[in-house]
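These notes concern the structure reproduced below.
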Amino acid sequence: MDFTKTGIPGCSVTDSFADVKQRLDIVRAGNDFGFESVMGYLELGGNRYLMGATQNPVTYDIDSVELRELFEGDTFEGIALGEMSAQEFAGELAKIGSTPIMEDYTIWWPDERVSFYVYEDVPSTICWWGNDLTNDEVKAIFIGKIEDLDPNQYHLYSPE
């Protein structure tokens, strides 16, 4: 499956949370910290992808959609997943968009509102962020000023 900046086919951050929830074979649904979340399986291209989605408690839009496992042959914007190191993958992302931010376990691509969790030096998950964060809020998060943001205005999803 070739995933893109816009999200998972049929489960984009621009879809309604109810529509995404309805498409999943639900494993777990919850209402944590004032927002609804769901985790389940989605059939795509002959594979059953485990994915999660969270809902913004203020706007009720989707906060994030995350694929929690990838399969052999999966790509992101045509870049092979699971076949190169995190550093090499980040270099390929920079060729098709902004420069990603590398951390120990995550490749952040803030301008594109996408991140990749890295396991054993290989991108292993993809997370798309909703449109309710403004560009200034995203930039504040990545320059270490998250404490300056109003927590009632947004929610960043953490799978743990």
Side-chain angles (χ1 to χ4, degrees), residues 1-30 32 35-56 60-133 135 137-139 141-142 154-160:
M1 178 67 48
D2 185 33
F3 299 101
T4 66
K5 295 175 190 176
T6 59
I8 303 165
C11 291
S12 170
V13 292
T14 58
D15 295 337
S16 77
F17 185 79
D19 288 346
V20 169
K21 185 176 176 180
Q22 187 174 27
R23 290 206 56 213
L24 296 178
D25 176 7
I26 295 177
V27 172
R28 183 192 67 139
D32 301 321
F35 67 94
E36 190 171 357
S37 64
V38 65
M39 182 187 308
Y41 288 95
L42 178 68
E43 292 280 339
L44 288 174
N47 291 318
R48 281 177 49 92
Y49 289 89
L50 179 62
M51 65 167 282
T54 61
Q55 183 180 44
N56 182 291
Y60 300 105
D61 292 335
I62 291 178
D63 245 358
S64 67
V65 173
E66 180 179 22
L67 281 179
R68 299 206 173 176
E69 64 183 321
L70 302 171
F71 292 93
E72 186 175 330
D74 284 344
T75 59
F76 180 82
E77 294 284 342
I79 304 167
L81 291 159
E83 296 181 16
M84 61 184 73
S85 72
Q87 189 71 34
E88 292 168 324
F89 184 76
E92 293 299 311
L93 291 176
K95 292 177 184 177
I96 63 167
S98 65
T99 302
I101 298 169
M102 296 283 300
E103 289 185 342
D104 290 341
Y105 300 104
T106 308
I107 300 169
W108 299 97
W109 212 21
D111 289 349
E112 284 77 3
R113 298 177 181 270
V114 179
S115 62
F116 303 84
Y117 175 75
V118 175
Y119 178 73
E120 295 183 352
D121 198 36
V122 176
S124 301
T125 71
I126 306 170
C127 182
W128 294 264
W129 313 329
N131 294 322
D132 54 338
L133 288 177
N135 286 337
E137 289 170 329
V138 170
K139 288 176 184 172
I141 290 164
F142 290 99
Y154 70 95
H155 173 79
L156 281 182
Y157 174 67
S158 172
E160 304 304 311

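Residue indices begin at 1 and follow the sequence shown. Side-chain atoms are counted along with the backbone in the values below, which use heavy atoms only and exclude waters and symmetry mates. It should be emphasised that the depicted structure is a prediction, and the values quoted were computed from it without experimental measurement.
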Does any part of the side chain of Met102, heavy atoms only, come nearer than 4.5 Å to the side chain of Val118, both counted from C-beta? no

Check the pair Trp129, Ser115 against side chain to side chain contact (heavy atoms under 4.5 Å, CB included), reporting the backbone distance first and the verdict last. CA-CA 8 Å; Trp129 313 329; Ser115 62; 3.7 Å; yes

How close do Thr75 and Ala80 get, counting heavy atoms only, and between which atoms? CG2-CA, 3.9 Å

Regarding Asp25 and Arg48, does a basic nitrogen lie under 4.0 Å from an acidic carboxylate oxygen? yes

Got a donor-acceptor contact below 3.5 angstrom from the Gln55 side chain to the Tyr60 backbone? yes

Separation of Asp61 CG from Thr14 OG1 (nearest 0.5 Å): 9.5 Å

Measuring only between side-chain heavy atoms, which start at C-beta, is Glu112 closer than 4.5 Å to Trp128? no

Measure up the Phe89 and Phe116 rings against each other and bin them: parallel (under 30°), tilted (30 to 60°), perpendicular (over 60°). perpendicular

Glu103 side chain near Trp108 side chain, heavy-atom distance below 4.5 Å: yes

Would you indicate whether the side-chain heavy atoms of Glu36 and Lys21 approach each other to under 4.5 Å? yes

Any side-chain heavy atom of Val114 sitting closer than 4.5 Å to one from Phe76? yes

For the atom pair OH (Tyr105) and CD (Glu120), what is the distance rounded to the nearest 0.5 Å? 11.0 Å

Is any side-chain heavy atom of Ile126 closer than 4.5 Å to a side-chain heavy atom of Asp74? no

Please assess Met51 against Ile8 for the test side chain to side chain contact (heavy atoms under 4.5 Å, CB included), listing each intermediate value before the final yes or no. CA-CA 10 Å; Met51 65 167 282; Ile8 303 165; 4.0 Å; yes

Give a yes or no on whether the backbone of Gly78 and the side-chain of Asp2 come within a donor-acceptor separation of less than 3.5 Å. yes

In short, Pro9 meets Met1 closest at the heavy-atom pair CG-SD, 4.0 Å

